[in-house]
Visitor: 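Here it is, the structure, as structure tokens.
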Amino acid sequence: MVKLYSTINNAQTGDYPEFDNKLINWVSAIRAREAGGAIPPGEFVALKHLLHEQRLYKSAAELRLMREAAEITCQAHVRAMISCRPGMLESELEAELVYEFMRNGARTPAYPCIVGGGENACTLHYVENSAALRKNDLVLIDAGCEYQHYAADVTRTFPVNGVFNKTQQALYEVVLEANKQGIERCTRGVGFREPHEVALRIMVEGLVELKLLEGEVDEIIAEESYRPFCPHTSSHWLGSDVHDVGDYRVDGVWRELEPGMVLTMEPGIYIPNNEAMAHLAPRWRGIGIRIEDDVLITSHKPEVLSDAAPKEIPDVQRVMADGVIG
Ligand code: GLY
Ligand code: MN
């Protein structure tokens, strides 16, 4: 029996009806010539799942490209930190990012750059990038280039004026610890969800300690009452796509991490200036912080592909104070 293996852009039957129609017409045309010896396919096989499994495990050649994508992306984040001045438009920082991508051979961002000053950082996929940056705000940049068909996905949050104030620092340190502990947990044999759970617990503990959330940590986690502050999970697969393909669960259980897989670790805390946060002191409101790295699972320690973008407070402040654009 002739089998027709079909996939187009990761799609499967039903995703592109126009293409499906074409395919059926081609098969019908072959069938019409069966009497003349043509052999039409008798079975259609969707390749999507097989291909997705292959994409989940990166080869050495793919990893070379992903390291390069991450390296270029980190340089772009450094450039943005160095270029940042109060009064600039968010889009001007976006231009710096894209310039650095392109001058290094990465033709496009892997996804629309997110550059959110102050409260704009609390809008998860903010891409307007049209506001002026205010000197006492933080700015969140979530941007990654696509290099030779491989994506990077990196987020850094830093003060527009180059120096964290006490409030910003307190919240940033919580997210940073969550990011670092989450990355530590990215080891072979660990369930996909565990690094996120580690990061989430640290953020909830931090929010309780800062008196931004009230109650027992276990209860807050069980009831998900952290959600106004921490609305998203911390990881997704990364590869040819920024949210790459691959099953997250196998037979209903979170998949075990294995060498060759690449995922993000991107915990975040957001305190928008809205009704839900109206009970908090004004100094806390209008802050969104996310710190995102790209992590390769290895047989030993996790490899952080995006290590070259500073995230420790002294390092960020030093780069912003001393940095010279190369
Ligand atoms: N960097 C965009 C996202 O992960 O959704
Ligand atoms: Mn991401």
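Order of appearance sets the numbers: ligands from 1, and atoms from 1 within every ligand. Each residue takes its place number in the sequence, starting with 1.
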Visitor: Relative to the ring of F19, is the ring of W26 parallel (under 30°), tilted (30 to 60°) or perpendicular (over 60°)?
Guide: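 Correct class here is perpendicular.
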Visitor: Using a strict threshold of under 4.0 Å (side-chain N to carboxylate O), is an ion pair present between E312 and K180?
Guide: yes
Visitor: Aromatic ring centroids of H236 and F192 under 6.0 Å?
Guide: no
Visitor: Which atoms of ligand 1 sit under 4.0 Å from any heavy atom of H243?
Guide: 3 (C), 4 (O), 5 (O)
Visitor: Distances under 2.8 Å only: what protein N/O/S atoms are near the Mn ion (ligand 2), ordered by chain and residue?
Guide: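 Under 2.8 Å from the Mn ion (ligand 2) - ignoring waters, which are not counted - the protein N, O or S atoms are D153 OD2, H236 NE2, E266 OE2, E292 OE2.
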Visitor: I'd like to check Y147 versus N104 (side-chain heavy atoms, cut-off strictly below 4.5 Å). Are they in contact?
Guide: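 No, every pair of side-chain atoms sits at 4.5 Å or beyond.
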Visitor: Quick one: do the D142 and H125 side chains pair a donor with an acceptor below 3.5 Å?
Guide: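 No pair is found: no donor N or O on one side chain lies under 3.5 Å from an acceptor on the other.
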Visitor: Is the shortest side-chain N to carboxylate O distance from E34 to R31 below 4.0 Å?
Guide: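 Salt bridge absent between E34 and R31.
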Visitor: ring-ring contact (aromatic ring centres under 6.0 Å, His included) between Y172 and F164: does it pass, once the steps are laid out?
Guide: CA-CA 9 Å; Y172 185 92; F164 287 83; 4.8 Å; yes
Visitor: Using a 4.0 Å cutoff against the non-hydrogen atoms of D142, which atoms of ligand 1 qualify?
Guide: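 Once the distances to D142 are compared, the set is 1 (N), 2 (C).
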Visitor: Answer with yes or no whether the side chains of N165 and Q169 bring together a donor and an acceptor at under 3.5 Å.
Guide: no
Visitor: Run the numbers for me: atoms of ligand 1, each under 4.0 Å from some heavy atom of E266, listed by number.
Guide: 4 (O)
Visitor: Quick test: of every protein heavy atom, which one is nearest to atom 1 (N) of ligand 1, and how far off is it to 0.1 Å?
Guide: D153 OD1, 2.7 Å
